[in-house]
Amino acid sequence: MASRDTRQQFDDIVERLTADYPSLARTGLPPWPRPVLITVLIAGGLVWAFLSIAMVAWGLWGVLLTCATVLATAAALTVRTYRWRAGR
């Protein structure tokens, strides 16, 4: 019972603070749904494992493939963030 009261008090304090100071409100990207997040993490882990093996097995070509993959992922995330911020 006490934890519910404490949580409610905390939520009330946060609500008043964000009303008085809008800059404190969350402005990050919206969270991904859990199934999508799990799928992305598993796929990312498999790709990273493959790229790690490719760097050892293929030498320079594996390193170049890994660099290209990392740069493409960074570019995609940058575009997603930019479009989200522009749409706000």
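Position 1 is the first residue of the sequence, and the numbers go up from there.
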Sequence-distant partners of P33, side chain to side chain contact (heavy atoms under 4.5 Å, CB included), two or more places apart: P35, V36
Identify all side-chain donor-acceptor contacts of residues 43-71 below 3.5 Å with residues at least two apart in sequence or on another chain.
{"residue": "S52", "atom": "OG", "partner": "W48", "partner atom": "O", "Å": "2.9"}
{"residue": "T66", "atom": "OG1", "partner": "G62", "partner atom": "O", "Å": "2.9"}
{"residue": "T69", "atom": "OG1", "partner": "L65", "partner atom": "O", "Å": "2.8"}

Salt bridge (Lys or Arg N to Asp or Glu O under 4.0 Å) partners of D12, counting only residues at least two apart: none
Pairing residues for Y82 by the side chain to side chain contact (heavy atoms under 4.5 Å, CB included) criterion, not counting sequence neighbours: none
